[in-house]
Visitor: 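Mind having a look at this structure? Questions to follow.
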Amino acid sequence: MGLLEGAAISGTLGNIASNPGAIKFVLPSIVSGGLNSAFTGSNLLGGAIGGISYSGNLFGNSITSTDGINAAYKYIISPEEDNFAGGWDDLTKNILLNYVKNGFCQACSYGQLQQKAGTMFENAFNRIMGIDYSSLNYESNDTKIAGKYKGKLRNTIPDGIFDLVIDEYYSIFKVPTPFPKSSTRYPGVQFAEVKAMDGTLYSGSNQGQISSMLYAMSINNGVNQYGGQFIIGTTSDTKISPNIVAQGLLHNIQVVHITAQYRMINKFMEVRLYNGGASPSTTFIK
């Protein structure tokens with residue numbers, strides 16, 4: 001689905017689920033089954049809805065390696081090389097593991113290395129999201145949330161949580177105006193899960209972890225009424241199974257897959273997030 005594809009404002013009052021303008025690298029698509037809610041941002045579709053302008057793709061630059069060498073191969077054979085202020089490459093799990101092993105975990109077993117790399121990647125992801133989703137109070141999370149998988153209760157711990165905000169605008173002849181009427185905030189009801197992995201992530205992976213999170217989101221009144229956004233942040237070689245997207249749709253939840261890119265600066269790995277465009281913020285794996 002393209003950015004805000006099929007967007008519609010229904011009734012005399014437009015309901016808009018607000019995401020901050022800084023997060024327009026994420027697919028700001030429709031979240032409500034009735035197509036009466038849209039994620040807002042600057043410049044997304046080339047029209048004007050309620051005083052907000054839209055265009056198709058703000059960060060549509062192609063992702064290519066500046067030297068034409070496969071990113072994983074380049075890093076593995078030349079870990080000392082720096083791309084100072086150079087181009088960005090996709091961050092795969094193997095690249096991440098090599099970087100963490102060489103710089104932070106030389107004596108680690110493979111299991112310890114995966115744990116260390118996963119934690120460092122999750123922390124970097126949450127730092128970026130904490131800035132770019134700041135207006136939605138994005139924060140890391142270590143609190144158990146009651147979910148359900150295959151009809152049985154299953155507690156789950158999302159890696160990040162953020163608010164759902166519904167802004168209502170006055171409309172004239174069913175055309176929304178830029179004049180707000182009310183704003184309702186549902187704190188911490190949208191989730192993010194972070195995975196440094198290769199291969200495919202399924203709804204039943206890790207004893208139904210993703211399914212349980214989607215269920216937990218769906219029973220919140222705000223998400224149930226207006227829809228929500230579930231973010232999965234991964235290394236670039238992770239695929240999301242279609243059954244995760246389908247299950248999200250059953251719960252009126254848009255599943256957004258965000259991947260990571262990297263470049264080396266002064267022997268440190270700088271990362272940014274990517275989904276149809278690059279995140280405004282970056283951070284270092286450290």
Side-chain angles (χ1 to χ4, degrees), residues 23 25-26 63 65 70-134 138-144 156-162 191-201 205-206 209-210 213 230-240 256-275 278-286:
I23 60 164
F25 72 100
V26 178
I63 311 171
S65 174
N70 177 272
Y73 179 69
K74 176 181 65 178
Y75 182 72
I76 290 172
I77 65 171
S78 183
E80 300 301 319
E81 180 180 354
D82 281 352
N83 296 327
F84 184 76
W88 295 82
D89 291 300
D90 289 342
L91 177 58
T92 66
K93 177 185 175 181
N94 281 339
I95 293 173
L96 177 66
L97 290 180
N98 274 280
Y99 172 73
V100 173
K101 180 175 180 62
N102 291 332
F104 304 94
C105 207
Q106 293 183 5
C108 288
S109 67
Y110 186 70
Q112 292 170 330
L113 176 61
Q114 289 196 102
Q115 182 68 34
K116 178 74 171 178
T119 299
M120 295 176 75
F121 180 70
E122 178 184 326
N123 290 341
F125 182 92
N126 283 338
R127 283 196 298 272
I128 293 175
M129 295 293 288
I131 297 171
D132 292 349
Y133 271 53
S134 60
Y138 182 98
E139 60 183 1
S140 60
N141 174 69
D142 57 8
T143 301
K144 288 183 179 180
T156 186
I157 305 177
D159 292 322
I161 58 176
F162 55 104
F191 301 159
E193 182 63 18
V194 186
K195 301 289 186 186
M197 60 173 285
D198 50 14
T200 302
L201 181 65
S205 298
N206 193 20
Q209 181 188 40
I210 300 298
M213 290 183 191
F230 178 67
I231 294 174
I232 303 176
T234 71
T235 44
S236 63
D237 47 349
T238 305
K239 296 184 183 301
I240 303 301
V256 178
H257 183 200
I258 300 176
T259 58
Q261 296 179 326
Y262 84 103
R263 62 181 177 182
M264 301 302 297
I265 297 182
N266 293 331
K267 300 180 176 59
F268 290 98
M269 180 179 284
E270 183 182 17
V271 294
R272 69 181 184 184
L273 307 179
Y274 193 89
N275 179 304
S279 60
S281 303
T282 67
T283 191
F284 287 87
I285 299 283
K286 58 183 181 180

Visitor: Can you sort out the partners of E193 under salt bridge (charged side-chain N to carboxylate O under 4.0 Å, His left out), two or more places apart, ordered by chain and number?
Guide: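 K195.
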
Visitor: State, with a plain yes or no, whether a side-chain heavy atom of T238 is found less than 4.5 Å away from one of T259.
Guide: no

Visitor: Between V271 and F125, is any pair of side-chain heavy atoms under 4.5 Å apart?
Guide: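 Contact flag for V271/F125 side chains = no.
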
Visitor: Distance-only, no hydrogens or angles: does the Y262 side chain make a donor-acceptor pair with backbone N or O of I95 under 3.5 Å?
Guide: no

Visitor: Is any side-chain heavy atom of M129 closer than 4.5 Å to a side-chain heavy atom of L273?
Guide: yes

Visitor: Hey, is NZ on K116 packed in by over 12 heavy atoms from elsewhere, all under 6.0 Å?
Guide: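 No, the 6.0 Å shell around NZ holds no more than 12 heavy atoms from other groups.
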
Visitor: So how far is it from M213 CE to I157 CD1, rounded to the nearest 0.5 Å?
Guide: 8.5 Å

Visitor: To the closest 0.5 Å, what do you measure between OG1 (T156) and CD1 (I210)?
Guide: 7.5 Å

Visitor: Looking only at heavy atoms, which two atoms of L113 and C105 are closest? And how far apart?
Guide: CD1-CB, 4.1 Å

Visitor: I need the minimum non-hydrogen distance between F104 and Y99, along with the two atoms involved.
Guide: CE1-CE2, 3.6 Å

Visitor: If you take all heavy atoms of D159 and V194, which pair is closest and at what distance?
Guide: OD2-N, 2.8 Å

Visitor: Just do the side chain to side chain donor-acceptor pair (under 3.5 Å) check on T235 and D237 with the steps written out, would you?
Guide: CA-CA 6 Å; T235 44; D237 47 349; 3.3 Å; yes

Visitor: Do I258 and I231 make a side-chain contact, defined as non-hydrogen atoms from C-beta onward lying under 4.5 Å apart?
Guide: yes

Visitor: Where do A260 and F121 come nearest, in terms of heavy atoms and distance?
Guide: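 Minimum heavy-atom contact is CB-CE1, 3.6 Å.
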
Visitor: Report yes or no: does Y133 contribute a side-chain atom to a donor-acceptor pair with the main-chain N or O of F162 at less than 3.5 Å?
Guide: no

Visitor: May I ask you to test the R127-K286 pair for a side-chain heavy-atom distance under 4.5 Å?
Guide: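 The answer is yes, as the side chains (C-beta and beyond) meet within the 4.5 Å cut-off.
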
Visitor: So does S236 get a backbone contact from the side chain of D90, meaning a donor-acceptor N/O pair under 3.5 Å?
Guide: no

Visitor: Identify the heavy atoms of S281 and I128 that sit nearest to each other, and give their distance.
Guide: O-CG2, 3.8 Å

Visitor: If you look at every heavy atom in D132 and S279, which pair is closest and at what distance?
Guide: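 Closest pair (atom of D132, atom of S279, distance): OD2-CB, 3.5 Å.
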
Visitor: CD1/I240 to OG1/T200 distance, rounded to the nearest 0.5 angstrom?
Guide: 8.5 Å

Visitor: Do you know which of R263, E270, R272 makes side chain to side chain donor-acceptor pair (under 3.5 Å) with T282?
Guide: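 Of the listed options, the one satisfying the test is E270.
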
Visitor: In Å, rounded to the nearest 0.5 Å, how long is the span from CD1 of I131 to CG of N126?
Guide: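 The CD1 atom of I131 sits 11.5 Å away from the CG atom of N126.
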
Visitor: Measure the spacing between OG1 of T234 and CG of D198 and express it to the nearest 0.5 Å.
Guide: 10.5 Å

Visitor: How about K239 and H257: do any of their side-chain heavy atoms sit closer than 4.5 Å?
Guide: no

